[in-house]
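In each ligand, atom 1 is the first atom listed, and ligand 1 is the first ligand listed.
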Amino acid sequence: MNAPTRQVFDIAVIGAGIVGAAIARDLAGTSLSVAVIEARNDVGDVTSKANTALLHTGYDATPGTLESRLVARGYHLLGDYAARTGIPVERTGAVLVAWTDEELQALPALKDKAERNGYHDCSLIGAAEVYRQLPDLGPGALGGLTVPGESIICTWTTSLALATDAVRRGATLLREHAVTGADVSDAITTVHTSRGDITARWVINAAGLGADWIDQEFGYHRFTVTPRRGELFVFDKQARPLAPKIVLPVPSSRGKGVLISPTIYGNVMLGPTSEDLHDRTAAGTSEAGFEFLLGKGRGLMPRLLEQEVTASYAGLRAAIDHKDYLIEIDPARRYLLVGGIRSTGLTSGMAIAEHICQLLTEAGLDLTERPDLPPPPKMPNIGEAFTRPYQDAALIEKDPEYGRIVCFCERVTAGEIRDAYASAIPPGAWTDCGAGPAP
Ligand SMILES: Cc1cc2nc3c(=O)[nH]c(=O)nc-3n(C[C@H](O)[C@H](O)[C@H](O)COP(=O)(O)OP(=O)(O)OC[C@H]3O[C@@H](n4cnc5c(N)ncnc54)[C@H](O)[C@@H]3O)c2cc1C
């Protein structure tokens, strides 16, 4: 795996999160050669694996921003791609709940904002309807706004599907290659990595939490990433009937706020917090975050707190000092920055890739799609609402390994593990190497 290469790639994409994987997939569908350079030993292993995994409609984005446009577009692109590849999605819908008079009064403006974002399906509902849709909600809800399109998705399968597609289309995935520097010359850029140099004509920086450091290697000092930690609780699957829909708070200037959401794996999730840090590797949970979430949960849905918490985790948003996505092309240096994809990148990733292809085309690259592309991969289903291998009698009849359960909590079978090792991106050994060192 990951042998050093002397090839000069047409394009090197730094970062194999959802954004880098989506970009690599699109570019690998052309006649250009593509390398994906990733510090970790797996794809989607940083922010893309630790989020709330909602497929957002974009109803609450700031109208007129690039983020608003790309989230709305990404919602449809990823929804369609999920249907073709088997990425599990459940169209649960969401209810945004007002708990104070001030929040209640803010709801019509949020509906209006959704419409300015091109989303026309929201409805204002009274308290009785809120409790009809969410009977286990705590007391005190005054009204709500429905967002029927908000959905839950598997974030892990999304990154893996896009990266698998990229590799099957011919992209070279270089894992455990932390980028430490770059030298731009007339026709070629040399990217220095922990495992040797990679050369490419164009470089795309999709390094998430490390994007500002890489940007400096290209002579820029235009933004700083501040890791904004979001901690979450995961409740036992027995809690799932309590949350038939996503329960959203009224958003504030700090972000989308603490929500309750069913997960695609049949659990219920409470979070995330929002806390600015300095350490870009501090993706652990904290006692303060635990207490804060307990307090929030008690108000939102006391019955949820009677259920067992089976896991907690945290993700780091790549927040930057700029209100919109920061996507800029530098044709002279043959360099493209994809920065500040903080709270919505799971949804928008495929639309970001489409936008980048447009920028590269305007810069003169021929991105005509090859006629001989392989079909998109069929991903193994780990969603609870769809048939899992251990439940599929016909499959087990053909291959008894799918009937041999090795993880009794999540019902993972020996057949699925065997398939993962034989896949285009087999699992690597676990190493904790942070978000990639500073160049
Ligand atoms: C708590 C939380 C909740 C969220 N909820 C949602 C949600 O519900 N819906 C939604 O759409 N979005 C959500 N998001 C946002 C979404 O998760 C991110 O926008 C998205 O994952 C960003 O993807 P990325 O590829 O840009 O970054 P990442 O996934 O971080 O990928 C960047 C990659 O670059 C690599 N890298 C960094 N530096 C280097 C280097 N020097 N050399 C080589 N590789 C390097 C990293 O290892 C990493 O794999 C949430 C985020 C958080 C934290």
Would you please say whether a donor-acceptor pair under 3.5 Å links the side chains of [X] and [Y]?
X: Asn117; Y: Ser68; value: yes
X: Glu67; Y: Ser348; value: no
X: His56; Y: Glu150; value: yes
X: Glu129; Y: Gln133; value: yes

Quick check against the 3.5 Å criterion: does [X] have a side-chain atom that pairs as donor or acceptor with the backbone of [Y]?
X: Asp42; Y: Pro427; answer: no
X: Asp324; Y: Leu66; answer: yes
X: Arg370; Y: Arg169; answer: yes
X: Ser48; Y: Ile18; answer: yes
X: Arg388; Y: Arg411; answer: yes
X: Asn205; Y: Ala211; answer: yes

Nearest non-hydrogen contact with [atom] belongs to which option: [options]?
atom: atom 35 (C) of ligand 1; options: Arg175, Glu38, Met269; answer: Glu38
atom: atom 23 (O) of ligand 1; options: Ser48, Ser194, Gly340; answer: Ser48
atom: atom 22 (C) of ligand 1; options: Ile341, Ile152, Leu259; answer: Ile341

Are [X] and [Y] within salt-bridge range, i.e. N to O under 4.0 Å?
X: Glu328; Y: Arg222; result: yes
X: Arg280; Y: Asp212; result: yes
X: Arg116; Y: Asp112; result: yes

If I apply the N/O under 3.5 Å rule, does [X] come out as touching ligand 1?
X: Gly315; value: no
X: Ser348; value: no
X: Thr347; value: yes
X: Gly210; value: no
X: Asp45; value: no
X: Pro272; value: no
X: Val179; value: yes

Need the ligand 1 atom indices (1-based, order shown) with element for anything under 4.0 Å from a heavy-atom of [X].
X: Arg40; result: 47 (O)
X: Ala206; result: 32 (C), 34 (O)
X: Val46; result: 30 (O), 46 (C), 47 (O), 48 (C), 49 (O)
X: Ser343; result: 6 (C), 10 (C), 12 (N), 13 (C), 14 (N), 15 (C)
X: Ile18; result: 20 (C), 21 (O), 23 (O), 25 (O)
X: Leu346; result: 10 (C), 11 (O), 12 (N), 16 (C)
X: Gly15; result: 33 (C), 34 (O), 35 (C)
X: Leu54; result: 7 (C), 8 (O), 9 (N), 10 (C), 11 (O)

Residue-level breakdown please: for [X] versus ligand 1, do any non-hydrogen atoms fall below 4.0 Å on the side chain, on the backbone, on both, or on neither?
X: Arg228; answer: neither
X: Leu316; answer: backbone
X: Ala53; answer: backbone
X: Ala50; answer: backbone

Axial cation check for Tyr335 ring with Arg333, 6.0 Å and 45° limits: no
If you measure from each heavy atom of [X] to ligand 1, is any distance below 4.0 Å?
X: Gly44; value: no
X: Thr344; value: yes
X: His177; value: yes

Glu287 atom CD, neighbour heavy-atom count above 12 within 6.0 Å: no
